[in-house]
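Residue numbers start at 1 and run along the sequence shown.
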Amino acid sequence: MCGIAGIFHRDGQAVRREEVEQMNTLQAHRGPDGHDVFLDSEVGLGHRRLAIIDLSDAGHQPLTLEGYTITYNGEVYNYRELRAELEVLGHSFRSDCDTEVVLQSYLQWGADCVKRFNGMFSFAIWDSKQRFLFCARDRLGIKPFFYFSQGDTFEFASEPKALLRKPERRVPRLRTLVRFLGEGLTDDEWDTFYRQMRMLPPAHTLTVSRRGMTLDRYWTIDPSKNWKAFCPDNQMNMPPHQERLAEDYFPQDPALKEAADKFRGLFLESVNLRLRSDVPVGTCLSGGLDSSSVVTCASELIDRPVETFSSIYPDRGYDEKRFIDDVVEACGTNAHPVESDGMDLPDIFDKIVWAQDEPTAGPGLYSQWKVMEEAKKSVTVLLDGQGGDELLAGYHHYFREYLSELAKQLLSEKRDLNGVLKAAEIIREVTGVDHIGLAERAIRRAKRPAFLKIFQKERPGRVKSPDVLHPDLAAQVSKKDSTRMEIDKLFDNSLSQKLYDDLTRFSIPPLLRYEDRNSMAFSLEARVPFLDHRVVEYCFALPNQFKIDPPHTKLVLRKAMNGRLPSSVTTRQDKLGYPTPAANWFREGLNSWLQDTLHSQSFKECDLFHAPACLKVYEDHMAGQDRSWELWRILNGYRWSELYLRGKGFHEVAAP
């Protein structure tokens, strides 16, 4: 993983080296192992290297071959297989790094090369012969690519801060701010918090020339695929080595066993590919099903104890230590627990805000920051379980769509609709929340005549202008600014569509941004095996009942890992994520910091917030309501305004 940057003056004006070097400097944390600049008149490319594959100088970037120059961030995990294929086609290599494989693949297959890559990447290739820039981003948007285009100037970078070196670009986008403060939405559109900056969407390429820019999509999920058609490229097996749950714990369905075996094979292969590295590799371990699955697979695939890193809080409702300990003992890992009382948050808050470039929605970011800080002492690559919940319906709120689809299925099969009510009763036992009302509505909707369904089309709603927004800004909010975005309708199945929305818009994009910036702040590379595109495609081909079968979520994963994980984890039904007891901290040890901030003169003068409304949020929280996430957004938005919009971070945090 690295930092990339570039400038293209489409009017032919020469790029100045110092501008690209400044972009490199602002991203120095992304690549402490080397840096350089390539210039070719109207184009300048920059690179900061974090050496992961081939640690020699042969992996130096930008890399030029036959008139083509690349600056590249990420990993193409199947580079060895691609290299062998390219060698058969007559290509020769001077290094062992995947960067050269990416560039040689472009020379061989052109823009279609990205369809052959299994990995996380963002890159730009300059064609010095035809004078155009070819840019690409991986299928799920794991690696970032930001760009600024105005007049004849096109610039790109791994992080917004490199594009914000010019003060006139530090102007907030009101629409994004309204949706963030109103509903906590971030990263769900390809616009950013900055008015003139955009992201290259995942699974897209961007060609930039003097004639203009062309955006092309190269991948999407095929809703028609059958799960039985999937199989791993290399058959790998992981025999049971833990206590197996009784067979009647899972539904007695031969198809479920087949689906679980296929999943295990695909997932093992994904983890195996992501263990390719010339530097030490570890894993995050939260004690949940996803990260524990990554750990147990990695432990099976390497011949030494896995380094695991965990955030631990003893507070009631936040403590996952017993699950973490069970996995550590079962897999024989070298455990690195991180326990914090949060009292250092005021000291590191600006560093977190600066690292993230844009506002963040919740305090789980702090826990992840502390894990990355600890991991840096031992490893350079870190695997994580991001994505499992969005692929296999791990969150309890997916029960809503499950009940809706169950009602439709039972009706179409002329089966007893009381099965929906029975499922709702089981769900209540798991979640503690009554789902009978949802079940009854699902049955009524399923019974509606077909001609009435044309009136059920969902239209984007509107975000209410948040009270905490400064009145001067609130007066400028247009209907367009407050309208929720249109979503890509891909599935008729509402559960699949909800999972797709969360994977591509609402859940995974911000989580990937948080993980990229938090890891790169410590010059770490984070890898996410669940987001191998083959695993993603397979999960979306599975029927609902292989994902949710009350009381189980992620049924196929539990079945696949039965006998491989401790039974305490396989049977676990609660869901915490990255639990962070900020609600308690804000009332107790961090209360004075919170009060001092909200009553400070600089906060009162901040032109983003209405200070009295923010104080009301604080008072409600102190009175017993849990408004900790809103308080985080206020604090985070305020410091972001100071560090980025007012530019203080470029002089204080970014200074050597």
Donor + acceptor pair across side chains of [X], [Y] (<3.5 Å):
{"X": "Ser568", "Y": "Asp326", "answer": "yes"}
{"X": "Asp344", "Y": "Tyr366", "answer": "yes"}
{"X": "Glu159", "Y": "His29", "answer": "yes"}
{"X": "Tyr644", "Y": "Asp357", "answer": "yes"}
{"X": "Asp290", "Y": "Gln386", "answer": "no"}
{"X": "Ser367", "Y": "Thr580", "answer": "yes"}

Test Val281 against every option in Thr380, Ile52, Val381 by the side chain to side chain contact (heavy atoms under 4.5 Å, CB included) rule and name the one that passes.
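Single side chain to side chain contact (heavy atoms under 4.5 Å, CB included) partner of Val281 among Thr380, Ile52, Val381: Val381.
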Any donor and acceptor pair, going by atom type alone, linking the side chain of Arg276 with main-chain N or O of Tyr77 inside 3.5 Å?
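Yes.
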Within the side chain of Gln104, is there an N or O that forms a donor-acceptor pair under 3.5 Å with the backbone of His91?
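Checked: no pair found.
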Salt bridge (charged side-chain N to carboxylate O under 4.0 Å, His left out) assessment of Lys143 paired with Asp516:
CA-CA 7 Å; Lys143 290 297 101 198; Asp516 174 82; 2.6 Å; yes
With a 6.0 Å cut-off on the ring centroids, do Trp126 and Phe154 count as close?
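For Trp126 and Phe154, the ring centres are not under 6.0 Å apart.
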Is Arg534 salt-bridged to Glu269, cutoff N-O under 4.0 Å?
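Looking at Glu269 together with Arg534, the answer is yes, because their closest N to O distance falls below 4.0 Å.
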